[in-house]
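I have placed the structure first, in the form of structure tokens, so that the comments after it can refer back to it.
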Amino acid sequence: NTTGEVVYDFRAGQGLVFQEARLRYMHFYRYAGDHNKIEISRDGGKTWATAYSDVNWSGYSAEYDLTEYIAGANRFLLRF
């Protein structure tokens with residue numbers, strides 16, 4: 001993709017749904033003035049919800065809870 005974004009497609013097995021999701025130990029560097037975000041789509045990419053934006057992802061203890069966005073879904077897209 002030409003925007004420099006990364007999209008992951010998560011799918012649960014047949015008849016299963018996600019109960020919780022957390023991103024741990026994210027290691028991305030953000031230059032001064034840059035922007036970043038974590039977005040989730042539950043409709044195949046038609047709409048996106050921003051879970052986190054403009055965060056410093058360089059710490060070893062960083063954890064981002066995505067549970068409120070994905071609980072009950074059997075599939076979701078995660079975009080950085």
Side-chain angles (χ1 to χ4, degrees):
N1 127 7
T2 60
T3 62
E5 298 169 337
V6 176
V7 177
Y8 292 94
D9 186 351
F10 293 87
R11 299 175 189 208
Q14 186 174 351
L16 301 175
V17 296
F18 292 97
Q19 293 181 356
E20 63 182 347
R22 289 182 177 79
L23 296 176
R24 293 185 176 149
Y25 308 114
M26 300 298 294
H27 302 285
F28 296 101
Y29 183 77
R30 182 168 61 111
Y31 292 101
D34 281 352
H35 301 282
N36 58 29
K37 56 188 166 182
I38 300 171
E39 295 178 300
I40 292 106
S41 176
R42 292 179 55 158
D43 60 7
K46 293 177 187 160
T47 60
W48 293 89
T50 301
Y52 295 92
S53 63
D54 293 333
V55 294
N56 183 5
W57 294 343
S58 61
Y60 284 95
S61 61
E63 178 175 298
Y64 302 96
D65 189 352
L66 306 177
T67 301
E68 72 178 275
Y69 298 95
I70 62 90
N74 65 354
R75 179 182 181 190
F76 68 94
L77 300 176
L78 179 63
R79 178 167 72 180
F80 297 95

(Q) The test is ring-ring contact (aromatic ring centres under 6.0 Å, His included); show your working for Phe76 and Phe18 and say whether it passes. (A) CA-CA 9 Å; Phe76 68 94; Phe18 292 97; 5.1 Å; yes
Q) Are any side-chain N or O atoms of Thr67 and backbone N or O atoms of Ala21, one a donor and one an acceptor, separated by less than 3.5 Å? A) yes
Q) Any donor and acceptor pair, going by atom type alone, linking the side chain of Thr50 with main-chain N or O of Glu39 inside 3.5 Å? A) no
Q) Roughly how far apart are Arg22 CZ and Ile70 CD1, rounded to 0.5 Å? A) 9.5 Å
Q) With a 4.5 Å heavy-atom cut-off, do Leu77 and Phe10 have their side chains touching? A) no
(Q) Are Ile40 and Val6 connected into the same hydrophobic cluster when the rule is that any two of I, L, V, M, F, W, Y join if their side-chain heavy atoms are below 4.5 Å apart? (A) yes
Q: Evaluate side chain to side chain contact (heavy atoms under 4.5 Å, CB included) for Asn36 paired with Tyr52, printing each intermediate quantity in order.
A: CA-CA 8 Å; Asn36 58 29; Tyr52 295 92; over 6 Å; no
(Q) Are Ile38 and Tyr8 linked, directly or through intermediate hydrophobic residues, by side-chain heavy-atom contacts shorter than 4.5 Å (ILVMFWY only)? (A) yes
Q: Determine, using the 4.5 Å side-chain heavy-atom cutoff (strictly less than), whether Tyr69 and Tyr64 are members of one ILVMFWY cluster.
A: yes
**Q.** Heavy-atom closest pair, residues Gln19 and Ala71
**A.** O-CB, 3.8 Å
Q. Does some side-chain heavy atom of Asp9 sit less than 4.5 Å from a side-chain heavy atom of Arg75?
A. yes
Q) Is any side-chain heavy atom of Arg79 less than 4.5 Å from a side-chain heavy atom of Trp48? A) yes
Q | Exercise: identify the closest heavy-atom pair between Lys46 and Ser41 | A | N-OG, 4.0 Å
Q. Considering only heavy atoms from C-beta outward, does the side chain of Leu78 approach that of Leu23 to under 4.5 Å?
A. yes
